[in-house]
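Just so you know, these numbers use all the heavy atoms, side chains as well, and skip hydrogens, waters and symmetry mates. Lettering of chains follows the sequences in order, A, B, ..., and the numbering in each one begins at 1.
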Amino acid sequence: MADLSVNICGIPFKNPIIPASGVFGYGREYEQFYPLSKLGGISTKGTTGTKRTGNLPPRTAEAPMGMLNSVGLQNPGIDAFIANELPHLLSCDTVILANIAGSTPEECAEVAAKLDKTDVHMIELNISCPNVKQGGAAFGTSCAAAAQVTKAVRQATKKPLCVKLSPNVTSITEIAKAVESEGADAVSLINTLLGMRIDLRTRRPILHNNMGGYSGAGIFPVAVRMVWQTANAVKVPVIGMGGVMSGEDAAELMMAGASAVQVGTAIVQDPYAPLRIIDELNDWLDANGIDTAAELTGSVKPW
Amino acid sequence: MADLSVNICGIPFKNPIIPASGVFGYGREYEQFYPLSKLGGISTKGTTGTKRTGNLPPRTAEAPMGMLNSVGLQNPGIDAFIANELPHLLSCDTVILANIAGSTPEECAEVAAKLDKTDVHMIELNISCPNVKQGGAAFGTSCAAAAQVTKAVRQATKKPLCVKLSPNVTSITEIAKAVESEGADAVSLINTLLGMRIDLRTRRPILHNNMGGYSGAGIFPVAVRMVWQTANAVKVPVIGMGGVMSGEDAAELMMAGASAVQVGTAIVQDPYAPLRIIDELNDWLDANGIDTAAELTGSVKPW
Amino acid sequence: MKHDKYTELLTFPVRSMTQLTKAAWSMVIECPEAAAKAQPGQFVNLLPDGNFTLRRPISICGIDREQGTLRIVFEVRGKGTKALSELRAGDTVNMLAPLGHGFTLPDKDSRVILVGGGIGTPPMLPLAQYFGKNAVVISGFRNKDAVILQEDFAASGAKTILCTDDGSAGRFGLVTLPLEEEIKAEKPALICACGPLPMLRAAAALAETYEIPCQVSLEERMGCGLGACLVCACRTKDADGNEQYLHVCKNGPVFNAQEVIW
Amino acid sequence: MKHDKYTELLTFPVRSMTQLTKAAWSMVIECPEAAAKAQPGQFVNLLPDGNFTLRRPISICGIDREQGTLRIVFEVRGKGTKALSELRAGDTVNMLAPLGHGFTLPDKDSRVILVGGGIGTPPMLPLAQYFGKNAVVISGFRNKDAVILQEDFAASGAKTILCTDDGSAGRFGLVTLPLEEEIKAEKPALICACGPLPMLRAAAALAETYEIPCQVSLEERMGCGLGACLVCACRTKDADGNEQYLHVCKNGPVFNAQEVIW
Ligand SMILES: Cc1cc2nc3c(=O)[nH]c(=O)nc-3n(C[C@H](O)[C@H](O)[C@H](O)COP(=O)(O)OP(=O)(O)OC[C@H]3O[C@@H](n4cnc5c(N)ncnc54)[C@H](O)[C@@H]3O)c2cc1C
Ligand SMILES: Cc1cc2nc3c(=O)[nH]c(=O)nc-3n(C[C@H](O)[C@H](O)[C@H](O)COP(=O)(O)OP(=O)(O)OC[C@H]3O[C@@H](n4cnc5c(N)ncnc54)[C@H](O)[C@@H]3O)c2cc1C
Ligand SMILES: Cc1cc2nc3c(=O)[nH]c(=O)nc-3n(C[C@H](O)[C@H](O)[C@H](O)COP(=O)(O)O)c2cc1C
Ligand SMILES: Cc1cc2nc3c(=O)[nH]c(=O)nc-3n(C[C@H](O)[C@H](O)[C@H](O)COP(=O)(O)O)c2cc1C
Ligand code: FES
Ligand code: FES
């Protein structure tokens, strides 16, 4: 049994596996399968200043090795989140990352300010949602906008702040450096790749939003690359994700530079995925005589 | 039997399926399997001004649903191509797209000028190779650089000029518009996504170049999206590619806006892939009572 | 297929597999715990073997608590249902079940009309079995080759009315005509419907006209099937008539026809 | 697995499948045309069933023109060879064969030394069969549990020398010691070697010292296996000593040791 614990921004995680934002809701649906305390942490569904209904269905399509979604930040708003969901989450003995988003820097800051008064462990600012018109990816694809929204949120909270980056950019390292210089304590990546699928029979896009975010095993090589590039460009810790389906995938992202790993689509497919991945990671460490998961982080030796 | 012929920049193709640059060499290796005249066209291995040896091996890694490569434009140089390969290719009764690249706009222009004097049907200017330090992706990730190299090549040749775009950008439509405005007669996309894989045992990147181009089924949703965006942003025809493994995939890219479809990784896996895809496309058209492949192009109706 | 203790928790033996028509298959799955809990209108979410990311939701067509089995009937539409159709007795299937919110049923003695269209017919069977002779099952199919489950409905004791679009079996035409006739003959306590959207719309409209409660089983593309990922949104009206998205996998698949924005 | 006329052209029956050690398998494939053409040192390129993009190159270990079969021996390393190891007689396998440039052989009567390391041993077998008693086969393995093909080599009539790294079978130590002894005993016309890079380097160095022609079979990650995609580059010197990349799948896998940049 290897030591799976990791520490990010001073927060101890019992293991490095965290359900990613958007696939795990607020955890309730998964408590029928296992106690949430088994998880390293939970990144909650993206929450905005006020309630959002999200996009018209259909909101998902299958890809050869993954899925597309165009949920569009459906959520009950930050007040409802804090009143109805957060207390229970905080009682679950795992690290809670409150994933937040907004149309304007002001909205994001307002949401962060409200969370600042709670006991949530970390704020994950999503500047990379490809499925909303305002904010979302718009923040995540320009250094200036990314810096601006990070700055606004930074001023609103003393909580550890992780900024979640978009992969749909020419240079993810520039964006990472921009948010780091405005005070981000960590970065998480990657959000979904912008993709599209068409129903051949009807000749309509499968998603009502036409385009959507592509996640799952098919984006893994891009995630490894971007985590590696980013970990080499910034000093703050990197939380990696994108297509992790197994403990070995998690180990690979950690070697590339991730301090912890989020798991999204794998959970959509299989509610037990995070537990399986924790076990597999542990087994892999044991089989390779490695004592601690933490030592994997950034241990790849480039040519 | 549907009519599979398409016409791009005034050039008639007997069918829309074209082996993509880099996977088909100069066709010689595939003549043992079938006459090249069965193909819609052939995009030849990227050729530069002078001979290049390419990158150190290993140059490939497997991905969950695709492959990475870091060949790095290994080729014998334009003079050897014209002397030793082109005459045979031009005798094969199929459309030849000479894929070219270079470290500088001048090198690209020089290569194009030499091809201008040959009977090659089309020039495909690759401004998106992720595996070379100079030129390559550097041209394809900035509008100014893309415009500059397109302009230089445009001045060097009257041949139909197709510019091959990189998907590793924030906005592919901006790049497409930039090359269109400098006289590109067509655009082709997508080149590979920049990716990485790590050997867990050795903790070294599998590719000696650390990073490489990710191609195959896993990039298909990104290709569909970018073809659709680009076809809606430019007036010139779009040649689509990226993860096409079947006739239905080809139909999907055509509906998204492609006038023809290149096939790369599928051929690496199976030399017969282009013929199978042509047959499958034909069967699908027949099964759906569609008379011509050309009518698919851009026929998706967005929501 | 993965082999680990977690995957095993979702792995169930296929007890039998029967081809009903060219495209439709009936599968019986051994899953005592799920069978003990399952309610009419709920569904199972199956992960086909092979290169699939998303599960395939299929309505429960039979609940046998004694045998500890669930039965589903599905049509091959795409690659996933094709893969599922290749399973045979003795194979195993990866399944989450039972999921969703099923029908809310009145007393067994109530007269109900059950309307099924095509591959929407299977979830009507547990209802027919529950209401027995008090149920009228009106099922519609493209043509005689697509007709399924008629013996099962007959065995339930329900009155059965079969329609086909081309008249090649049963009555010619849509299910709405016999539906209105049956409503007029004796107003039912409830109409339950599952099938293509136009059929559901028509049934809901008739139910509204005649002021009869109507529950419909809806389809939407799904991810988790559990209510967490929010992809299976369905536009509904809340009590005040305000638009809200509910989720087919958790709030549904069965909804009151009145709350649905058609 | 796809079912179409093109895929059929590459689909061949597995005639037999034998487990040699915990990790190593021997597969005999029925492919008369490939068997008729195959030469020692060439390889086959197999596409495992399932979620694989790239084929797996495996050296030819046996050519039976009469039976129309090729034999390969491979070790389970990762997912692809695992999938291949699950094939059984009667299954089919998707294969391109024979590929590559094999050994260039002197007269049958020549004395040759064949050096195989671990799973690099199989391609030596057709050579042993060709040279028979004129061949000396020196094969090295980690330990006795990894030893393969010794009966086959003995049956070829060649002199066999077995080494293990831990002395648990045959001689203790590396193959280089007996190689030098055999060279000294009688200078061979050719050394052929296949195995891990350090072993090949050592064999090549000895060959150079004693001025003996040496051919080595190299490995590199491959794509097409045909010479078109250029991923399987190998650094070599041309006649003038200039560095050039050749390709393991087309120019190799067998190279003259002298042209390789080690
Ligand atoms: C609650 C519910 C109950 C259902 N009950 C039945 C049933 O009893 N019998 C039956 O034959 N079918 C039923 N369906 C429809 C069935 O889920 C689809 O036919 C099936 O998912 C198609 O999968 P495929 O692999 O064949 O198609 P593909 O096109 O390969 O599927 C691609 C993706 O789209 C999804 N998808 C495609 N069509 C539908 C659809 N109509 N509804 C939801 N998702 C879809 C798939 O689940 C998959 O995620 C039900 C659907 C829902 C939502
Ligand atoms: C010309 C040639 C002949 C060979 N002959 C034999 C033989 O006779 N017996 C035998 O057991 N092995 C042989 N190998 C090695 C064999 O190809 C690899 O062990 C096998 O490809 C590993 O695949 P995998 O799915 O188990 O591993 P994975 O790690 O899942 O493979 C991932 C990718 O890397 C490639 N790869 C991994 N290791 C190697 C390697 N050592 N060489 C080339 N590609 C690799 C795979 O082909 C695949 O594309 C030979 C290799 C070459 C190039
Ligand atoms: C259905 C769905 C909803 C998502 N919603 C959010 C969200 O609200 N906020 C966010 O930051 N990321 C969201 N994501 C992105 C994931 O958190 C994750 O970044 C992405 O899916 C890549 O990881 P994966 O390949 O493991 O799924 C969502 C992803 C999916 C599939
Ligand atoms: C081994 C390999 C070599 C390639 N070399 C080139 C090249 O020389 N020039 C070029 O424009 N694209 C090159 N490409 C990119 C392909 O032409 C194509 O754009 C990409 O692989 C996506 O298509 P696919 O998914 O069908 O492979 C190469 C791709 C591969 C796999
Ligand atoms: S499918 Fe995930 S919420 Fe309904
Ligand atoms: S594997 Fe394609 S050239 Fe060698």
Side-chain angles (χ1 to χ4, degrees), chain A residues 56 58 61 63-68 137 140-142 166-171 193-205 207-212 214 216-229 243 245 248-249 251-253 255-256 284 288 296 299-303, chain B residues 56 58 61 63-68 137 140-142 166-171 193-205 207-212 214 216-229 243 245 248-249 251-253 255-256 284 288 296 299-303:
Chain A
L56 278 168
M65 200 71 189
M67 63 181 283
L68 275 67
T141 53
S142 119
S166 170
N168 301 298
V169 294
T170 307
S171 168
L193 291 176
L194 192 57
M196 182 177 187
R197 291 303 309 271
I198 297 169
D199 183 328
L200 293 187
R201 210 176 39 77
T202 62
R203 298 201 192 182
R204 310 288 316 248
L207 300 176
H208 199 285
N209 235 32
N210 297 322
M211 300 184 286
Y214 171 33
I219 72 171
F220 184 66
V222 178
V224 176
R225 184 262 293 187
M226 289 189 163
V227 165
W228 183 68
Q229 289 181 313
M245 308 300 282
E248 297 201 356
D249 293 344
E252 188 165 337
L253 269 194
M255 286 186 190
W284 184 85
N288 288 274
L296 298 179
S299 66
V300 67
K301 208 166 129 248
W303 297 99
Chain B
L56 279 169
M65 200 70 188
M67 63 182 281
L68 274 67
T141 52
S142 119
S166 168
N168 301 299
V169 294
T170 306
S171 169
L193 292 177
L194 192 58
M196 182 177 188
R197 290 305 306 274
I198 297 170
D199 184 326
L200 294 188
R201 210 176 40 76
T202 61
R203 299 201 191 182
R204 310 288 317 248
L207 301 176
H208 199 285
N209 234 31
N210 298 322
M211 300 185 286
Y214 171 32
I219 72 171
F220 184 66
V222 178
V224 175
R225 184 263 292 188
M226 288 190 163
V227 165
W228 183 67
Q229 288 181 313
M245 307 302 281
E248 297 201 356
D249 292 344
E252 189 164 336
L253 268 194
M255 286 186 190
W284 185 85
N288 289 274
L296 298 179
S299 65
V300 67
K301 211 167 128 245
W303 296 97

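- B/I198 touches chain A through backbone and side chain together, each having a heavy atom under 4.5 Å away.
- Nearest heavy atom pair, residue B/H208 against residue A/W303, reads O-CB, 3.2 Å.
- Ranked by heavy-atom pairs under 4.5 Å with chain A, the first of B/A251, B/G243, B/S299 is B/S299.
- Interface summary for chain A: among B/R201, B/E248, B/K301, the most heavy-atom pairs under 4.5 angstrom belong to B/K301.
- With chain A as the partner, the residue from B/V224, B/V227, B/L68, B/N288 showing the most heavy-atom pairs under 4.5 Å is B/V224.
- When heavy atoms are compared at a cutoff of 4.5 Å, A/L207 approaches chain B solely by way of its backbone atoms N, CA, C and O.
- The choice from A/A61, A/A63, A/A217, A/A223 that makes the most heavy-atom pairs within less than 4.5 Å of chain B is A/A217.
- Interface remark: B/Q229 contributes side-chain atoms only to the contact with chain A (heavy atom separation under 4.5 Å).
- In terms of non-hydrogen atom pairs under 4.5 Å with chain A, the most contact-rich of B/G195, B/P221, B/S171 is B/P221.
- Contact detail for B/P205 and A/V300: the closest heavy-atom pair is CD-CG2, 3.6 Å.
- Scanning all heavy atoms of the two residues, the minimum distance from A/S166 to A/V169 falls at O-CG2, 3.5 Å.
- Residue B/L200 touches chain A through both its backbone and its side chain, counting heavy-atom pairs closer than 4.5 Å.
- Using a 4.5 Å heavy-atom threshold, the side chains of B/Y214 and A/R225 count as separate.
- Heavy-atom minimum distance, A/P167 versus A/M226: O-CE, 3.1 Å.
- At least one side-chain heavy atom of A/R197 sits less than 4.5 Å from a side-chain heavy atom of A/P64.
- Across all their heavy atoms, B/L193 and B/I219 have their closest contact at CD1-CG2, 3.7 Å.
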